Amino acid sequence: MANRIENQSKDQLDSRSERNERLIVYQFFPRILTNTRENPEPWGSLERNGSGKFNDLTPKLLRGLKSLGLNTLWLTGVIEHATKTDFSAYGIEPDHPAVLKGEAGSPYAIKDYYDVNPALAVDIDRRLDEFRNAVKRIHKEGLKVVIDFVPNHTARRYHSDKAPEGISDFGATDDTTCFYKRDNNYYYIPNQLFSPAINLMAEKGPYVEFPAKATGNDCFSAFCGENDWYETVKLNYGRDYGDGSEHYEPVPDTWLKMLHILRYWASLGVDGFRCDMVFMVPLPFWNWVIPQVKRDYPGVFFIGEIYDIGLYRPFLEYGHFDYLYDKVNLYDTLVGIERHNVSAARLTDCWKAVDGIGDSMLNFLENHDEVRFASTEFAGDPARVVPYLVVSAMMSRGPYLIYYGQELGERGEENEGFAGHNHRTTIFDYWSLDTLRRWYAGGNPGVSKLTQHEKWLRELYTRALHLCNDNDALREGGFFDLMYVNLQNPDFDPHSIYCWLRYHGDEVLLLVANFSREERRIKVNIPDLAFEMAGIKEGEFTTEDLLWGNRHKITLRKGVPVALQTGASDALIIPLKAIEKPLNPK
């Protein structure tokens with residue numbers, strides 16, 4: 001079965017063609033992307049360290065981002081969340097600092113689902129208008145907008161000052177005398193004071209929560225630990241975790257509230273939702289809510305964060321998600337190749353695991369939860385990204401994600417405060433990044449202040465990401481794994497080399513990823529079946545690699561291996577047809 005293309009029904013293929021483009025997503029924190037404050041201080045306040053703004057998302061900046069080959073922006077940290085910054089002068093209730101993480105606070109501890117983060121506004125009283133205008137500018141540049149939808153938990157104290165009339169706060173009408181009640185929004189530990197293994201004292205006095213609420217990571221105790229999500233409270237969707245029973249009819253109050261919230265953001269022009277920890281929310285909720293949102297807003301799409309391959313199909317088929325993270329499959333395998341001596345041949349298992357649903361998998365090398373590729377915890381060298389980028393972006397027709405600064409080799413090696421030295425870029429602190437400051441250049445983005453290596457890397461990402469949509473075979477073509485005919489090939493090392501075909505119409509690409517730190521001369525077997533399925537024409541010709549522009553003399557004959565040379569930590573994307581321009585233009 002290793003030579004099979006991913007199964008797709010005619011309806012799925014037609015739908016894919018109608019969408020035309022693959023989603024190429026750029027995730028960023030607006031408060032960090034355009035923050036020009038130099039020498040930020042660990043644990044620094046908003047006043048000290050500064051923050052980027054919605055207004056910074058100018059046409060010039062957006063065009064600079066779009067030039068990478070993007071068509072979708074995922075703005076992280078948009079919805080108002082708990083923070084140590086005091087915005088009470090603007091009618092926003094201050095949060096208790098004892099149950100917060102970092103000065104900026106966690107973007108996943110939502111305190112008002114109907115408002116935006118005031119730190120992102122120039123005129124805080126008009127913060128929603130500034131967000132709406134940013135969305136309009138993004139759309140005008142031909143880009144889509146994705147924001148986070150956080151359905152599993154809220155901040156420990158929730159209050160909305162922007163909710164439409166008639167919408168009550170989460171927990172406002174809860175019966176707090178019982179652990180579970182269908183129309184309660186939260187779970188309670190009756191007669192227990194919230195007593196986590198953290199210091200609840202602060203200058204403004206102790207944080208008091210009685211009765212204690214269950215904590216967001218399914219900690220149904222008053223005594224959560226410092227590694228629990230102690231800044232959040234678990235939401236109740238009708239599942240009684242006390243006895244395991246489920247109560248979804250009539251529809252629980254939390255379902256109705258969340259439907260209204262999704263429709264609200266869609267009405268503001270949001271194109272898609274990256275849904276946080278979707279498997280912690282009952283699957284019947286997604287089956288109920290997503291079709292209703294799409295009925296009113298047909299173009300809206302849903303991306304689910306999920307970490308169990310066994311749940312992929314239920315969440316796509318019954319849950320109606322458009323896309324899901326493929327973290328525990330492809331991403332973890334790529335990490336294993338780099339860090340744990342996993343064989344490149346294991347990549348065949350990755351597409352097999354999602355055979356038939358591969359187009360719905362969102363692939364990536366970085367996001368806010370994972371270590372930076374260039375950090376010492378992953379590759380340690382951003383230049384080693386080439387084979388990883390080509391494999392993760394070009395094995396399937398699914399969406400692809402990069403994380404801001406990834407295209408510049410950002411290492412995430414700073415200690416920003418709460419996040420500490422964790423090889424990631426902080427999500428909890430006010431901060432700025434030197435790599436991005438130099439590219440952003442005070443609102444005039446460009447490469448003049450980048451190092452030669454950063455320029456090279458950004459150009460690499462630009463070529464690769466553009467290819468994903470500019471090339472028919474990579475955008476919507478079939479896939480043929482060549483490993484099964486090369487595992488016993490004496491002129492091919494399947495432990496460090498992975499190769500496959502992508503094809504569409506007259507376009508056939510041979511892709512080779514070399515994960516080793518050495519140049520390799522290889523001979524690639526292409527079976528007769530691949531010649532037939534991809535429509536490969538036999539012959540001898542000169543072709544030009546799409547990634548680097550290098551020319552290769554190719555002999556294509558059934559039963560004759562294709563001889564190639566690839567650099568260390570490199571990849572080839574070779575059209576199996578002659579170049580149209582002459583070899584010696586002069």
Side-chain angles (χ1 to χ4, degrees), residues 43 79-88 92-113 115 150-161 168-244 252-254 257-258 276-277 280-282 417-420 427-429:
W43 295 97
I79 298 181
E80 185 181 339
H81 56 81
T83 176
K84 288 184 181 177
T85 307
D86 187 350
F87 293 106
S88 57
I92 300 171
E93 290 188 2
D95 303 293
H96 199 288
V99 286
L100 301 179
K101 292 180 177 178
E103 291 296 313
S106 169
Y108 298 100
I110 303 299
K111 67 178 289 185
D112 186 350
Y113 281 104
D115 205 353
V150 188
N152 178 67
H153 46 268
T154 71
R156 294 216 78 92
R157 288 182 176 173
Y158 181 91
H159 174 66
S160 175
D161 52 20
S168 61
D169 282 349
F170 284 91
T173 60
D174 282 5
D175 178 355
T176 64
T177 65
C178 55
F179 169 74
Y180 168 83
K181 201 170 189 177
R182 191 199 65 201
D183 287 322
N184 276 1
N185 297 134
Y186 298 119
Y187 298 92
Y188 297 89
I189 296 86
N191 302 315
Q192 289 276 4
L193 182 70
F194 181 55
S195 304
I198 60 170
N199 182 8
L200 293 180
M201 292 298 297
E203 288 185 12
K204 64 186 297 183
Y207 174 76
V208 177
E209 181 179 294
F210 183 88
K213 301 182 186 76
T215 294
N217 60 317
D218 290 357
C219 178
F220 298 98
S221 163
F223 310 106
C224 67
E226 62 179 354
N227 293 323
D228 287 308
W229 305 346
Y230 59 78
E231 78 280 19
T232 68
V233 182
K234 176 79 174 179
L235 282 165
N236 167 26
Y237 281 81
R239 178 180 293 164
D240 185 347
Y241 286 87
D243 61 17
D253 183 70
T254 301
K257 281 185 166 71
M258 287 302 185
D276 190 65
M277 305 299 281
M280 299 184 76
V281 172
F418 183 87
I427 70 171
F428 304 109
D429 306 284

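Counting from 1, the numbers follow the sequence of the chain as shown. These numbers come from a predicted model, not from an experiment.
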Novice: Give me the one residue out of Y187, Y241, Y188 that meets side-chain hydrogen bond (donor to acceptor under 3.5 Å, both in side chains) with N236.
Specialist: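 Among the candidates, only Y187 passes.
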Novice: Please lay out, stage by stage, how I92 and E80 fare under the test side-chain contact (heavy atoms from CB on, under 4.5 Å).
Specialist: CA-CA 10 Å; I92 300 171; E80 185 181 339; 3.1 Å; yes
Novice: Is there a donor-acceptor contact under 3.5 Å from the side chain of H96 to the main chain of V208?
Specialist: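 Not at all, since once roles are kept as given, no pair shorter than 3.5 Å links the two residues.
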Novice: Drop me the distance from T176's OG1 to K213's NZ, to the nearest 0.5 angstrom.
Specialist: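 Here the rounded value is 9.0 Å.
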Novice: Find the distance between CG (D169) and CZ (R157) and round it off to the nearest 0.5 Å.
Specialist: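 Those atoms lie 13.5 Å apart.
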Novice: Within a strict 4.5 Å, meaning less than it, do heavy atoms of the F418 and E103 side chains meet?
Specialist: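 Not touching, per the 4.5 Å side-chain cut-off.
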Novice: Is a side-chain N or O of D95 found less than 3.5 angstrom from the main chain of T83, in a donor-acceptor match?
Specialist: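 At least one qualifying donor-acceptor pair exists.
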Novice: Which heavy atom in G216 sits nearest to a heavy atom in W229, and how many Å separate them?
Specialist: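 The answer is C-CE3, 3.5 Å.
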Novice: Can you check side-chain contact (heavy atoms from CB on, under 4.5 Å) on Y108 and N152, steps first, answer last?
Specialist: CA-CA 10 Å; Y108 298 100; N152 178 67; over 6 Å; no
Novice: Residues two or more places apart in sequence or in another chain: which of them pass side-chain contact (heavy atoms from CB on, under 4.5 Å) with S88?
Specialist: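 side-chain contact (heavy atoms from CB on, under 4.5 Å) list for S88, sorted by chain: D86, P94.
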Novice: Does any part of the side chain of Y113, heavy atoms only, come nearer than 4.5 Å to the side chain of M258, both counted from C-beta?
Specialist: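 Sidechains of Y113 and M258: in contact.
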Novice: Calculate, to the nearest 0.5 Å, the distance between atoms CD and OH belonging to E93 and Y158 respectively.
Specialist: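 Those atoms lie 11.5 Å apart.
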Novice: Apply side-chain contact (heavy atoms from CB on, under 4.5 Å) to C178 and N184, showing your working.
Specialist: CA-CA 9 Å; C178 55; N184 276 1; 4.1 Å; yes
Novice: Please enumerate all residues that pass side-chain contact (heavy atoms from CB on, under 4.5 Å) together with P196, with sequence neighbours excluded.
Specialist: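 Here the qualifying residues are F194, I198, L200, C224.
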Novice: As an exercise, state the distance from NZ of K84 to CH2 of W43, rounded to the nearest 0.5 Å.
Specialist: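 The NZ atom of K84 sits 5.0 Å away from the CH2 atom of W43.
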Novice: Quick one: sort the Y186 and F170 rings into parallel, tilted or perpendicular, breaks at 30° and 60°.
Specialist: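 Because their plane-to-plane angle lies in the 30° to 60° range, the rings of Y186 and F170 count as tilted.
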Novice: When you measure from the side chain of D228 to the backbone of Y230, do you find a donor-acceptor pair of N or O atoms at a distance under 3.5 Å?
Specialist: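 No: the side chain of D228 does not pair with the backbone of Y230.
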Novice: How far does CG of D240 sit from CZ of R182, to the nearest 0.5 angstrom?
Specialist: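 Here the interatomic distance stands at 13.0 Å.
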Novice: How close do P211 and P190 get, heavy atom to heavy atom, and via which atoms?
Specialist: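 Taking every non-hydrogen atom into account, CB-CA, 4.2 Å.
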Novice: Considering all heavy atoms of both residues, which atom of Y237 and which atom of P282 are nearest to each other, and what is their separation?
Specialist: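 What the structure gives for the nearest pair is CB-CD, 3.6 Å.
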Novice: Which heavy-atom pair separates I189 from A214 by the least distance, and what is that distance?
Specialist: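 Nearest pair, atom of I189 first, then A214: CD1-N, 3.7 Å.
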Novice: If you compare all heavy atoms of A98 against all heavy atoms of N199, which two are closest, and at what distance to 0.1 Å?
Specialist: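 Heavy atoms of A98 and N199 come nearest at CB-O, 3.8 Å.
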Novice: Decide, yes or no, whether a salt bridge links D174 with K181 under the criterion of side-chain N to carboxylate O below 4.0 Å.
Specialist: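 Answer for the salt bridge query: no.
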Novice: Give, for atom NE2 of H159 and atom OG1 of T154, the distance between the pair rounded to the nearest 0.5 Å.
Specialist: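 It comes to 13.5 Å.
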Novice: Provide the closest heavy-atom pair for H81 versus A104 in the form atom of the first, atom of the second, distance.
Specialist: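 Looking at all heavy atoms of both residues, the closest pair is CE1-O, 3.1 Å.
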Novice: Where do H153 and D276 land on the side-chain contact (heavy atoms from CB on, under 4.5 Å) test, with the steps shown first?
Specialist: CA-CA 10 Å; H153 46 268; D276 190 65; 3.6 Å; yes
Novice: Can you tell me if N185 uses its side chain to pair, donor with acceptor, with the backbone of A172 under 3.5 Å?
Specialist: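 No, N185 side chain to A172 backbone: no donor-acceptor pair under 3.5 Å.
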